[in-house]
Number of protein chains: 2
Amino acid sequence: MTVLLGDCREIMKSIPSASVDLVYLDPPFFTQKTHSLAARDNMAEFTFEDHWASLAEYLVFMRDVLSECHKVLKPTGSIFLHCDKTASHHLRLLLDNVFGCEFFQSEIIWTYKRWSNAKKGLLNSHQTIYFYSKTSDFKFNILFTDYSPTTNVDQILQARMRNEAGKAAYRRDENGHVVFAGEKRGVPLADVWNIPFLNPKARERVGYPTQKPILLLERILEIATESGDCVLDPFCGSGTTLVAARLLGRNFIGIDLSPDAVELSQKRLQEPVKSFSQVFAVGEESFLDKTDYERGLLKALDAIPVERNQGIDGLLKFYLNNRPVSVRIQQPGESLSVARRKLVAASKTKHCIAMILVRTQKETELSLFDDWMADEDVLVIDAYDLTINQWLQAKQKRMAADVSIAEEDHRINESAQS
Amino acid sequence: MTVLLGDCREIMKSIPSASVDLVYLDPPFFTQKTHSLAARDNMAEFTFEDHWASLAEYLVFMRDVLSECHKVLKPTGSIFLHCDKTASHHLRLLLDNVFGCEFFQSEIIWTYKRWSNAKKGLLNSHQTIYFYSKTSDFKFNILFTDYSPTTNVDQILQARMRNEAGKAAYRRDENGHVVFAGEKRGVPLADVWNIPFLNPKARERVGYPTQKPILLLERILEIATESGDCVLDPFCGSGTTLVAARLLGRNFIGIDLSPDAVELSQKRLQEPVKSFSQVFAVGEESFLDKTDYERGLLKALDAIPVERNQGIDGLLKFYLNNRPVSVRIQQPGESLSVARRKLVAASKTKHCIAMILVRTQKETELSLFDDWMADEDVLVIDAYDLTINQWLQAKQKRMAADVSIAEEDHRINESAQS
DNA sequence: AGGGAGCCTGAATCCTCAA
DNA sequence: GTTGAGGATTCAGGCTCCC
């Protein structure tokens with residue numbers, strides 16, 4: 001339960017062999033940059049150096065670190081090495097050498113969405129964590145994730161049976177009550193982890209560059225350790241690993257070369273702050289409120305879908321005289337005039353001078369000739385399927401009345417069946 | 001446009017240098033296993049050998065393959081190497097050697113959900129695709145995805161600046177009005193791709209082990225090539241890359257060591273469109289030529305694209321009284337009446353009694369009141385973008401005439417420039 | 001040419017205001 | 001007071017531009 005100041009290669013020599021259950025390290029990634037960040041109150045600034053004379057120098061350093069990590073690990077222990085694409089392949093070769101490739105367990109991909117910028121190339125949105133064990137007899141707790149949101153809750157909880165027709169159905173007792181199945185634990189955790197990047201606005205942020213979310217560390221600790229185990233982080237930085245260890249009742253040793261980092265870690269351990277992540281808790285999907293149909297329509301209009309707005313469903317990619325053009329799709333059960341009112345109200349503050357309203361419902365009332373239809377700021381267009389379906393229905397009716405066609409249909413049906 | 005049988009190291013020697021725009025390879029992963037899978041009809045079984053004497057042997061083989069790939073690539077070309085965690089780090093070292101680490105572009109993670117099987121360890125649910133370019137001047141098309149649902153409209157619309165404290169804030173002009181950012185197309189594609197693994201029952205599945213989803217290949221081709229470019233797959237297997245290339249109008253060369261694989265690829269290329277109406281499967285020599293615009297339109301109409309037919313571009317998924325409903329999209333430079341004539345002629349033999357003609361061009365002549373417009377067998381609908389663009393253009397003209405708005409626009413433009 | 005300063009962006013939070 | 005819709009804010013990667 002300590003935070004130590006100094007070079008982790010030296011300090012680990014003084015840690016007894018086979019005494020640690022888990023090593024997590026988040027070493028320099030070989031970015032050849034200086035990372036710096038001002039703390040929230042603008043008072044302090046933390047910097048983190050990641051400059052090296054050569055790749056070889058970096059790899060010699062890392063090999064020494066990993067050798068010491070191997071030494072301090074218990075036979076049941078394991079190591080999680082956090083890196084990014086810059087040097088991940090070289091680091092994995094080192095791990096193969098020091099730990100042995102037969103003890104490679106997983107390549108964990110941590111993915112996140114992040115503020116972006118347009119550039120030539122793909123937006124980098126993942127980091128890699130290599131998971132090696134010291135022996136084949138290592139501690140591992142299987143974690144379970146929730147069922148995907150599309151899975152019906154009833155499917156998870158209710159027992160099933162076959163009905164008279166041989167179809168699957170929910171089992172009910174003689175009184176018609178639902179019968180619950182035995183407890184299901186969920187889906188075993190996969191090796192791709194979607195955990196939100198520590199948001200710039202999150203309270204959890206302490207102003208240290210490269211700070212990792214507590215959620216990520218908690219998951220690693222839960223997989224590889226039990227309560228009371230000892231966790232070592234040779235590059236503890238702002239101390240996220242130590243905070244996660246404390247929150248989960250694990251013992252810990254943190255090491256860092258920077259006095260600032262050690263001080264920060266100690267301070268943070270006094271009163272750990274863990275953000276509540278809304279997105280992580282309820283899932284990104286829960287923020288979506290458009291149907292596939294609406295998304296398809298927006299795509300056909302060459303518009304960007306807009307969420308979190310009651311009046312506007314999308315924005316045209318084309319701007320009219322530097323002003324946005326908003327789009328709304330008429331909702332089922334919503335009259336065209338109500339849809340228009342909502343669109344206009346929401347567009348007002350966005351300075352739209354052109355709006356597009358997509359009609360998707362057959363109008364029962366004859367509102368087509370309402371005054372506002374002549375409004376030159378709102379263009380009303382009919383969804384293709386509305387136009388086509390109305391036409392096809394009308395045509396079908398006409399055809400039913402036309403005997404000759406009906407007879408030909410009959411003949412076609414006959415031959416289709418034979 | 002060929003599928004060749006043999007050792008790709010040998011065959012690539014006969015391919016001219018600097019003649020290929022994209023190499024995609026899905027080589028053996030060094031799993032040390034024999035992969036086999038029965039086809040859907042349970043008649044044929046395809047096997048795929050991945051046994052090696054040693055890692056060194058495998059790496060020598062792969063180095064030779066990659067060297068030949070480098071040779072055949074154009075200076076603007078790039079390579080996508082598909083592998084999994086087994087040997088990914090060794091393969092990336094080879095790529096660094098052959099292509100140069102400065103031309104490493106992205107580590108693409110393909111994730112998918114799989115049936116869970118509880119075991120000690122994390123469920124493997126990703127594969128890696130390394131993306132290297134031959135030079136720094138390589139072809140790259142930025143694809144865009146939707147904004148996250150947590151993003152609000154104002155962020156998309158409003159331009160920003162830094163205030164005195166150096167913090168970001170919305171930009172306002174001297175009158176306190178918001179300033180709009182330029183046109184937005186969405187968020188650039190990230191390097192983690194969540195694409196469903198082939199469903200075991202999917203029609204797309206042809207029974208070849210290691211078969212990749214066509215969506216994955218389409219995305220790669222869209223990123224790195226243009227229409228008419230040449231794509232090479234030295235381990236083409238079931239030919240998914242070639243099918244994707246044909247669907248997107250790219251030329252292709254496929255190579256495989258297995259006669260079964262070559263035969264299967266050729267067979268798949270005969271009928272590349274999955275749900276393709278039998279009636280229209282005529283001709284063999286012509287190639288697919290739908291533009292993205294037309295594909296998008298057909299999708300919006302809920303129609304299936306039809307290739308190799310001069311008069312018909314698609315068929316509605318909905319059948320009217322057991323008869324197909326044909327669709328034609330007016331071509332640029334083609335008058336509406338000519339388009340109609342071609343549609344009607346081509347539909348005659350297909351027993352269509354309902355046809356849909358999509359108008360995409362502004363009509364110069366006043367043919368709207370032609371006799372045939374009243375034809376109750378052909379429905380003429382306007383493409384969304386035609387309607388919208390005409391309206392926006394008219395609006396722009398009106399605005400130019402309106403002094404007050406013109407002045408405001410001027411002010412907005414001024415502040416946008418400053 | 002090379003290095004550093006500054007600009008732009010959008011995810012996910014925080015915060016405000018209205019009902 | 002409570003709720004929630006939606007506006008405002010923060011940061012780092014990658015770019016450009018300027019010296």
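Reckoned from all heavy atoms, side chains included, excluding hydrogens, waters and symmetry mates. The chains referred to below are lettered A, B, ... by the order of the sequence lines, with proteins before strands, and numbering in each begins at 1. Small disclaimer: the values here were computed from a predicted structure and weren't measured.
Counting non-hydrogen atoms of neighbouring residues, nucleotides and ligands closer than 6.0 angstrom, the NZ atom of A/Lys299 reaches no more than 12 such neighbours. Annotation: B/Glu102, atom CD; neighbour count of heavy atoms from other residues, nucleotides and ligands within 6.0 Å is above 12.
For A/Arg205, the side-chain atoms get nearest to D/dC11 when compared with the rest of D/dC11, C/dA11, D/dG14. Distances were taken from every side-chain heavy atom of A/Val279 (C-beta onward) to each of C/dT13, D/dA8, D/dT9; the shortest belongs to C/dT13. Side-chain proximity of A/Lys201 to the nucleotides C/dG10, C/dC14, D/dA12 is greatest for C/dC14. Distance from the side chain of B/Thr150 is smallest for C/dA12 among the nucleotides C/dA12, C/dC15, D/dA5. Comparing D/dG7, C/dG10, C/dT13 by their nearest atom to the side chain of B/Tyr147 picks out C/dG10.
Scanning for salt bridge (charged side-chain N to carboxylate O under 4.0 Å, His left out) contacts around A/Lys317 gives A/Asp302, with sequence neighbours left out.
In this structure, a donor-acceptor pair under 3.5 Å is absent between the side chains of A/Ser54 and A/Glu57.
The distance from atom CZ of B/Phe144 to atom P of C/dG10 is 9 Å, rounded to the nearest whole Å. Computed from coordinates, the B/Ile156 CD1 to C/dC8 P distance equals 18 Å when rounded to whole Å. Taking atom CG on B/Asn152 and atom P on C/dA12, their separation rounds to 12 Å, with Å as the unit. Atom C1' of nucleotide C/dA11 and atom CG of B/Asp154 are separated by 15 Å, given to the nearest angstrom. With rounding to whole Å, A/Asn309 atom CG is found 8 Å from D/dG6 atom C1'. One atom, NZ of A/Lys342, and another, P of D/dA5, lie 12 Å apart when rounded to the nearest Å. As rounded to whole Å, 15 Å separates atom P of C/dT9 from atom CZ of A/Arg114. Rounded to whole Å, the distance from CD1 on A/Ile304 to P on C/dA11 is 11 Å.
Heavy-atom distances to DNA chain D give each of A/Gly311 and B/Gln155 a nearest nucleotide, and the one nearer the 5′ end belongs to A/Gly311.
Among the heavy atoms of the strands lying under 4.0 Å from B/Ser148 are primed sugar atoms or P, OP1, OP2 only; no base atom is included. Within the nucleic acid shown, B/Val187 comes within 4.0 Å of sugar-phosphate atoms alone, with no base atom in reach, counting heavy atoms only. Within 4.0 Å of A/Tyr112, counting heavy atoms only, lies no atom of the nucleic acid at all. Using a 4.0 Å heavy-atom criterion, one finds that B/Gly186 contacts the sugar-phosphate atoms exclusively.
Counting atom types as modelled, A/Arg308 pairs no side-chain N or O with a base atom of D/dG4 as donor and acceptor under 3.5 Å.
Note: A/Phe131 and A/Phe80 have parallel aromatic rings, judged against thresholds of 30 and 60 degrees for the angle between ring planes.
One finds the SG atom of B/Cys101 at 7.0 Å from the NE2 atom of A/His89 (value rounded to the nearest 0.5 Å).
Within the structure, a side-chain polar atom (N or O) of A/Arg203 is placed less than 4.0 Å from OP1 or OP2 of C/dC14. In this structure, B/Lys184 reaches the C/dG10 phosphate: one of its side-chain N or O atoms is under 4.0 Å from OP1 or OP2.
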